[in-house]
Asker: 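Have a look at this one before I ask anything.
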Amino acid sequence: MNINKIVAIALALVFTLSLFAGCGSSTPVKEKDAGEITIFVDSTMKGALTAAATAYTKPVREKPEREKAIILINSASTEDIVKKLEDGEYADAVIVIGADQLDALDAVSGGKDIVIHSSRIEFTGEDGVPYDAAIVNSSDRQSVVQGFFDYLTSDEADAVLAEYGIEN
């Protein structure tokens, strides 16, 4: 076999392997399809939301799509969450103390809707603390978040949230 044939075969092999290597890079897309969502949540509600997320993703025969969801909880103070969103950090949803914080986001953005107002959910914590949740307008997983929000307003979630003093 001459050297030109060996080089040609080697190049063809490298090219073929590089094509297969590129196929492996689609993992993040598969995770998105599986329902990975990021929620910025006020740290005072972190425990309740973590418990609700765990209950939501528990295998349920009637709702197998829920166990594919991956819920990433990023907790901080409400002020820090607002600042993160103002600075353009990515989140699929937010849960903050008070409706005025969600309204303030739109005000600082020059009137552009940061959150989808029709997706808003209100909760009441211990001592009457108001929590407001909403889907972020720029989320590329809005339907997955809406599924989790639907759960958060269900009787099933009420029992989980009540353990943390949170009411719908």
Side-chain angles (χ1 to χ4, degrees), residues 27-109 112-168:
T27 302
V29 172
K30 288 180 183 176
E31 288 174 355
K32 284 183 183 181
D33 290 345
E36 180 178 296
I37 58 174
T38 299
I39 301 176
F40 288 174
V41 60
D42 186 272
S43 54
T44 59
M45 196 172 171
K46 180 181 179 183
L49 192 68
T50 300
T54 299
Y56 179 75
T57 57
K58 179 179 62 178
V60 178
R61 184 182 313 196
E62 301 83 36
K63 300 174 182 163
E65 71 283 356
R66 287 181 11 179
E67 68 183 277
K68 295 177 184 175
I70 301 165
I71 301 171
L72 306 173
I73 299 170
N74 185 334
S75 69
S77 69
T78 288
E79 294 78 21
D80 288 343
I81 290 169
V82 170
K83 176 89 172 97
K84 287 179 181 191
L85 289 172
E86 288 173 357
D87 291 343
E89 280 195 48
Y90 183 85
D92 295 295
V94 295
I95 301 177
V96 294
I97 295 177
D100 55 331
Q101 295 296 331
L102 294 180
D103 295 335
L105 279 171
D106 291 342
V108 298
S109 68
K112 178 181 156 197
D113 287 338
I114 298 289
V115 298
I116 300 172
H117 293 279
S118 62
S119 72
R120 290 171 90 159
I121 303 172
E122 295 178 1
F123 301 98
T124 305
E126 294 179 332
D127 300 326
V129 174
Y131 292 96
D132 278 66
I135 298 172
V136 176
N137 207 4
S138 62
S139 170
D140 60 0
R141 302 171 191 101
Q142 292 178 8
S143 63
V144 178
V145 180
Q146 188 60 57
F148 183 57
F149 273 26
D150 291 345
Y151 165 77
L152 288 175
T153 60
S154 71
D155 292 341
E156 183 183 354
D158 283 348
V160 174
L161 296 173
E163 292 179 27
Y164 293 85
I166 306 292
E167 294 179 356
N168 239 338

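Atom set for the values below is all heavy atoms of this structure, side chains included, hydrogens, waters and symmetry mates excluded. Residues: numbered from 1 along the sequence shown. Remember, it's a predicted structure, so these values are computed and weren't measured experimentally.
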Asker: Pairing donors with acceptors under 3.5 angstrom, does anything connect the side chains of Tyr90 and Asp140?
Answerer: yes

Asker: Is it the case that more than 12 heavy atoms not belonging to Glu79 sit under 6.0 Å from its CD atom?
Answerer: yes

Asker: So does Lys46 have more than 12 non-hydrogen atoms from other groups sitting under 6.0 Å from NZ?
Answerer: no

Asker: What do the steps show when you test Ile95 against Phe40 for side chain to side chain contact (heavy atoms under 4.5 Å, CB included), and what is the final call?
Answerer: CA-CA 6 Å; Ile95 301 177; Phe40 288 174; over 6 Å; no

Asker: Can you name the one residue among Val129, Thr153, Asn168 that meets side-chain contact (heavy atoms from CB on, under 4.5 Å) with Phe123?
Answerer: Asn168

Asker: Which residue, Val94, Ile116, Val145, forms the side-chain contact (heavy atoms from CB on, under 4.5 Å) with Val136?
Answerer: Val94

Asker: For Ile39 and Ile37, run side chain to side chain contact (heavy atoms under 4.5 Å, CB included): C-alpha distance rounded to whole Å, both residues' side-chain angles, the deciding distance at 0.1 Å, then the answer.
Answerer: CA-CA 7 Å; Ile39 301 176; Ile37 58 174; 4.1 Å; yes

Asker: Do Thr78 and Asp42 have a side chain donor and acceptor closer than 3.5 Å?
Answerer: yes

Asker: Ile135 and Gln146: side chain to side chain contact (heavy atoms under 4.5 Å, CB included), yes or no, with the steps?
Answerer: CA-CA 8 Å; Ile135 298 172; Gln146 188 60 57; 3.4 Å; yes

Asker: Compare all side-chain heavy atoms of Tyr56 with those of Val160 and state whether any distance is below 4.5 angstrom.
Answerer: no

Asker: So, do Ile97 and Tyr131 sit near enough that their side-chain heavy atoms are less than 4.5 Å apart?
Answerer: yes

Asker: Please walk me through it: do Phe148 and Leu49 pass side chain to side chain contact (heavy atoms under 4.5 Å, CB included)?
Answerer: CA-CA 11 Å; Phe148 183 57; Leu49 192 68; 3.8 Å; yes

Asker: Quick one: closest heavy-atom pair of Leu161 and Ala48, and the distance?
Answerer: CD2-O, 3.9 Å

